[in-house]
A.B. asks: 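Encoded as structure tokens, here's the structure I'll be asking about.
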Amino acid sequence: MTARLIDGAALAVQIKQQVAHDAAALTARGVQPGLAVILVGDSQASAVYVRNKVKACEQAGIHSVFDHLPGDTSQATLLARIAELNADPSVHGILVQLPLPAQIDPQSVIAAIDPAKDVDGFHVRNAGALMTGAPLFKPCTPYGVMKMLEQLGTPLRGAEAVVVGASNIVGKPMALLLLQAGATVTICNSKTRDLPAHTRRADVLVVAVGRERMITGDMVKPGAIVIDVGMNRYSSGPKAGKLCGDVDFDSAVNVAGAITPVPGGVGPMTIAMLMVNTIESARRDPRLKEAA
Ligand code: GUN
């Protein structure tokens, strides 16, 4: 059996078209949605992600502010900039790209963002609200995965869902969204004793660990939906240096029922959902005029 490919890039294009439509309608009502993106330092990978986020804003008619701060920026300087953006009515979303340089505490930075502008959904107010059911924003990557599962028509009520990876950005919020949708959820972490025993039970397997091709086809239940959040590079072999995920695509594709490719799977959806969150924030702007 060869798995169906889940085309995140195509779904992201559809979602961004709707975002552009919504942005134009909001702009016509006097409020252009706005997103501020802050990058500290010179990580090449972060620079690529941030550039794609800013480009997506421009294409969708969302106002964007991009601050590229030097790697030795102090925490106080960054917090002062966040305070300015919190007070700026043209900015509906604030995203500080992670990871941050060592002199800056990411938790203090996330805590400084107005929860009403926290389009990443990382503020403890939104993370806590996700746990109890109604956050202002859902974290973009898990939100994007849920959209992909919805488009596939994956039944989640009563399904066995296994999330490999327990990060605050992906694994934990992913598990909560799957739980809310009625799945029976297992969260595995780096200390899980018999990982294959868990992954082989999964009707829906989401992998977000950041380790090159660690989930192989023999760890996948036949017919399962496999969502690969990883973004790594082959460390050796004929494809050395090329992008790959946390799942060994070549073996898993013969076992799964549907699978996301890397690249072109989850990555584009993360950016699309950031745009969606920015639109949702702008819709709450009290300056919005009634539609004519
Ligand atoms: N670094 C990796 N993924 C993300 C993300 O979704 N948001 C932010 N702010 N930083 C990231």
Side-chain angles (χ1 to χ4, degrees), residues 8 12 15 35-57 62 64-69 71 73 75 78-79 81-82 85-86 91-102 104-115 117-127 130 135-148 163 165-174 176-177 206-211 227-233 243 245-246 260 262-263 265-278 280-281:
I15 291 172
L35 176 69
V37 179
I38 304 179
L39 172 64
V40 186
D42 293 313
S43 152
Q44 282 199 2
S46 288
V48 171
Y49 293 138
V50 161
R51 202 179 316 127
N52 288 337
K53 289 170 186 177
V54 173
K55 200 167 82 185
C57 285
I62 292 175
S64 65
V65 179
F66 174 40
D67 282 21
H68 190 175
L69 306 177
T73 298
Q75 181 163 311
L78 179 55
L79 294 181
R81 181 60 183 139
I82 290 171
L85 293 167
N86 280 342
V91 169
H92 299 95
I94 302 171
L95 179 147
V96 180
Q97 187 67 22
L98 303 176
L100 286 163
I104 300 178
D105 168 35
Q107 289 308 328
S108 306
V109 170
I110 292 168
I113 296 171
D114 179 348
K117 297 190 178 189
D118 168 39
V119 282
D120 262 327
F122 294 167
H123 192 285
V124 76
R125 184 98 60 91
N126 284 314
L130 176 63
L136 291 172
F137 304 101
K138 296 174 191 153
C140 303
T141 299
Y143 193 7
V145 172
M146 294 306 286
K147 284 279 169 205
M148 292 169 118
V163 179
S167 68
N168 290 338
I169 293 184
V170 184
K172 287 184 213 167
M174 185 76 251
L176 288 169
L177 290 174
V206 182
V207 190
V209 284
R211 276 183 51 196
I227 308 286
D228 187 352
V229 182
M231 183 61 78
N232 314 297
R233 289 186 187 274
L243 290 174
D246 292 347
T260 56
V262 176
V266 175
M269 287 298 293
T270 297
I271 295 185
M273 301 323 289
L274 174 66
M275 305 289 109
V276 168
N277 278 348
T278 305
E280 286 178 16
S281 184

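As the structure lists them, so they are numbered: ligands from 1, and atoms in each ligand from 1. Count residues from 1 along the sequence.
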A.B. asks: For H92, is there any backbone N or O sitting under 3.5 Å from a side-chain donor or acceptor partner on S281?
C.D. replies: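 Here the side-chain-to-backbone pair exists.
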
A.B. asks: What I want to know is whether D120 and ligand 1 share at least one N or O pair that is separated by under 3.5 angstrom.
C.D. replies: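 Yes, at least one N or O pair falls under 3.5 Å.
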
A.B. asks: Identify, by atom number and element, the atoms of ligand 1 in contact range of L95, meaning under 4.0 Å from any of its heavy atoms.
C.D. replies: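 Per the distance check, 9 (N).
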
A.B. asks: Check whether any side-chain N or O of D246 sits under 3.5 Å from a backbone N or O of D228 as a donor-acceptor pair, and report yes or no.
C.D. replies: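 Looks like no, no N/O pair under 3.5 Å.
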
A.B. asks: What part of F122, side chain, backbone, both or neither, has a heavy atom within less than 4.0 angstrom of ligand 1?
C.D. replies: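 Side chain only.
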
A.B. asks: Counting heavy atoms only, which of M231, M273, Q97 is nearest atom 11 (C) of ligand 1?
C.D. replies: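 Result: the heavy atom closest to atom 11 (C) of ligand 1 is in Q97.
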
A.B. asks: Does N126 reach the main-chain N or O of P135 with its side chain, forming a donor-acceptor pair under 3.5 Å?
C.D. replies: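 No; zero donor-acceptor contacts below 3.5 Å.
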
A.B. asks: Provide, to 0.1 Å, the distance between atom 1 (N) of ligand 1 and the closest protein heavy atom, together with that atom's residue and name.
C.D. replies: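 I find the closest protein heavy atom is L98 O, 2.9 Å.
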
A.B. asks: Taking K53 for its side chain and L35 for its backbone only, find out whether a donor-acceptor pair lies under 3.5 Å.
C.D. replies: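 Not at all, since once roles are kept as given, no pair shorter than 3.5 Å links the two residues.
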
A.B. asks: Ignoring hydrogens, what is the shortest heavy-atom contact between N86 and A112? Give both atom names and the distance.
C.D. replies: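 Between these two residues, the closest heavy atoms are ND2-O, 2.9 Å.
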
A.B. asks: Which atom pair, heavy atoms only, marks the closest approach of P115 to F137?
C.D. replies: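 Of all heavy-atom pairs spanning P115 and F137, the closest is O-CE1, 3.5 Å.
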
A.B. asks: Would you confirm whether any non-hydrogen atom of the protein falls under 4.0 Å from atom 7 (N) of ligand 1?
C.D. replies: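 Yes.
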
A.B. asks: Can you name the atoms of ligand 1, numbered from 1 with element, that are less than 4.0 Å from a heavy atom of V96?
C.D. replies: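 That gives atoms 8 (C), 9 (N) of ligand 1.
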
